[in-house]
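Contents: one structure, followed by commentary.
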There are 4 protein chains.
Amino acid sequence: MNSIDKLTEFFQKFPGIGPRQAKRFAYYLLTRNKSYLIEFAKLVSELKNDVIECESCHRFFEKNRIDTATCDICRNPARDKSLLIIVSRDVDLENIERSHSYNGLYFILGGSVPILEKTPEQRIRQKDLQKTIEERGSKATLKEIILALNATPEGEHTGDYVETLLKEPAIKYGIRISHLGRGISTGTELEYSDSDTIKNALKNRS
Amino acid sequence: MNSIDKLTEFFQKFPGIGPRQAKRFAYYLLTRNKSYLIEFAKLVSELKNDVIECESCHRFFEKNRIDTATCDICRNPARDKSLLIIVSRDVDLENIERSHSYNGLYFILGGSVPILEKTPEQRIRQKDLQKTIEERGSKATLKEIILALNATPEGEHTGDYVETLLKEPAIKYGIRISHLGRGISTGTELEYSDSDTIKNALKNRS
Amino acid sequence: MNSIDKLTEFFQKFPGIGPRQAKRFAYYLLTRNKSYLIEFAKLVSELKNDVIECESCHRFFEKNRIDTATCDICRNPARDKSLLIIVSRDVDLENIERSHSYNGLYFILGGSVPILEKTPEQRIRQKDLQKTIEERGSKATLKEIILALNATPEGEHTGDYVETLLKEPAIKYGIRISHLGRGISTGTELEYSDSDTIKNALKNRS
Amino acid sequence: MNSIDKLTEFFQKFPGIGPRQAKRFAYYLLTRNKSYLIEFAKLVSELKNDVIECESCHRFFEKNRIDTATCDICRNPARDKSLLIIVSRDVDLENIERSHSYNGLYFILGGSVPILEKTPEQRIRQKDLQKTIEERGSKATLKEIILALNATPEGEHTGDYVETLLKEPAIKYGIRISHLGRGISTGTELEYSDSDTIKNALKNRS
């Protein structure tokens, strides 16, 4: 297999990329000049030197000058330690931060659990999550865990799985487990809403 | 203009139908036999003999044998008269009924108010609505009005318009005005949710 | 079943219309006034009085004042009687006429033959077609039959079916059977073209 | 700007990639292990060592062991040197090869000329093309140039530009300039075809 094909194979594993677009990417790189490719390659190979996983919330963050193992959110003393949002991915955290409506902490699962998955513990950071809840629960700082997962079948299944996992420590330490409120989201037309959404929108009316 | 073109013009005014599909409809009818067309035409011309507008909630309903001016929902003594949902269209009412999560009454606006509309009173049943609220308010049966409009710019504008309209009688008769709860609706992915939806989903968590 | 549901059922059989849009159509008619509905119904019920099927090409046309059994294309002495295009539907004929690139006659099959169809003779005007070819062939006016069908599996299957049907009379009367040229159609990108299209585009280069 | 943002910026310049998907790519790489990233980076940085531009047709090809400046198509003695297809990009060449319906040579423009472009000579390999035609024309081997460009406004404009460019040498050396045949391409429905496509499909009927 030649370099173009090898590179195409790499790109084909990128999220949402099919064989045709993967090939387009390879040809696109061929039209760039050598120094551009070297700069790009350097960035890729050194990515994990500069960016590390926060040992507390497990999001990826830039180390910068400060030598630290936790990210700026986890280190921020103004953050409310009684709240912990559990999300699937870094982009979910970023989107919640963008809404400026939450001041607690986070935990990134690093994935979601597909329905019928046989080894769910390999899809998400299960052990890290259990350790985190155990530690914070025992210190009595944590009061509420908010499951902020997609309202899709896979997201709901992930939520159910995580809830079962955390039930025992939650009871032991008196932690409430809550879910994002369901209702009409921006852009929704009533005519096309499902019964569940309508039920929740009525319940959560304000 | 010939009959095919005239019929095409009629179909072009149907909701969501462009000139090409309108013409397809006309040709489709041409391929039906005469008795089918007569049956279809009879149904159209007699539609408003059989179906009348409920004088209470203004939805369309079938008269049937019983000679009545109000629909089965409005006549149902088991319905909770302290709640009134205001919707734009009949299909919205039907969809809420399908969710089996509401037992109050309805009012159908018969449309919505586009932003910048100069004569909003011609777009919705404004006078009928004001009369209904006045009557029910004065009898002290009505406790809450729920605005159940689309979460679109036009729907929100309609809600603002109706709320302004009803503010005075609501205060006079002690009626609460509420809105459908906003949040994550079925199918929503967190990564693509807007800040408003996230804010509400956090507020309405449960 | 009530009138709204009955009407919804009628609309659901319209080409490309699902149950939801069918219901929207019914409610749309309910919001029209009575005289509008009567005008619409009259047009529908009298459609087949004014519009008849041309007994030569079988397209639908408006009778107008002139009492005639053939349409204006078939009656036009300037049309080239040596060419006959076979199309599936009236809209195909209209689109070819709009291109101003053909001056021969037409035959409308009135449908197409799905793959695996057991009674193809019920899907298209088979007998009328055979009669037409027999008549024109025996008068030695017809020199070429052009199959102008969709480049879809169903269109190609229809073309194969019709070609088999006409093979014998075509040989007997010395009539050529041709197909629309394949190639790059407007809007096509080479990268996404199939091998068949490229092969034909190369063969038909000019 | 941190490494994730820098990488996101690189990916945003990839064909068809917006800011959100670019960020997803960056996070995707973060979840890969270090050796994977190094392998990927090596492939990118060495891409232009292994893959070179054919000095004859200008497509990209793998050098392999053989030390050669021309690709396997250009070196193949069985290829018909009297035909030259001009395409915009490598993927177009690949798609034509996949159709197994052409045995001549190619020239890759390396791009296309947008309408109103002020410096078209910077968008395509204009000088290389002129040199190629001059050389092959003077040797009297080349008989026909086939412009195989997209049937889009930009593709047609590129074709016009190239044709004007090659008019003089074509006349001088007796080379025919042709275009891919237009017609119905696979999947096309007659009802939605434009007049140009119908006209060509009728002209190229067979």
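Being a predicted model, the structure only gives us computed values, none of them experimental. A, B, ... follow the sequence lines: proteins, then strands. Residue 1 opens every chain.
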Qualifying residues under side-chain hydrogen bond (donor to acceptor under 3.5 Å, both in side chains), relative to D:R205, sequence neighbours excluded:
C:E144
Go through the atoms of D:R89 and report whether side chain, backbone, both or neither lie under 4.5 Å from a heavy atom of chain C.
neither
Return the OG to CG distance between C:S178 and D:N204, rounded to the nearest 0.5 Å.
11.5 Å
May I ask you to name which of C:P153, C:A148, C:S206 has the most heavy-atom pairs under 4.5 Å with chain D?
C:S206
Part of C:I85 within contact of chain D (heavy atom distance under 4.5 Å)
side chain
Do you know which of D:I177, D:L147, D:D92 has the most heavy-atom pairs under 4.5 Å to chain C?
D:D92
Are any of the side-chain heavy atoms of D:T186 and C:R182 separated by less than 4.5 Å?
yes
Closest non-hydrogen contact found for C:G183 with D:S185 is O-CB, 3.0 Å
Can you tell me if NZ on D:K81 sees more than 12 non-hydrogen neighbours from other groups inside 6.0 Å?
yes
Please say whether more than 12 non-hydrogen atoms of neighbouring residues, nucleotides or ligands are located less than 6.0 Å from CD in D:E168.
no
Mind running side-chain contact (heavy atoms from CB on, under 4.5 Å) on D:L180 and C:L202 for me, showing each step along the way?
CA-CA 6 Å; D:L180 284 189; C:L202 278 167; 3.8 Å; yes
For D:S193 against C:N95, the heavy-atom pair lying closest together:
O-ND2, 2.9 Å
Trace of the side-chain contact (heavy atoms from CB on, under 4.5 Å) decision for C:L190 with D:I96
CA-CA 8 Å; C:L190 215 63; D:I96 294 174; 3.9 Å; yes
Out of C:T197, C:T188, C:I184, which one racks up the most heavy-atom pairs below 4.5 Å with chain D?
C:I184
Looking only at heavy atoms, what is the nearest atom pair of D:E191 and C:N150, with distance?
N-OD1, 4.4 Å
Against chain C, work out which of D:E189, D:K203, D:R98 has the most heavy-atom pairs shorter than 4.5 Å and name it.
D:E189
Distance col, row C:S99:OG vs D:K199:NZ, nearest 0.5 angstrom, shows 8.5 Å
If you count heavy-atom pairs under 4.5 Å between each of D:D196, D:L149, D:L93, D:I146 and chain C, which one has the most?
D:I146
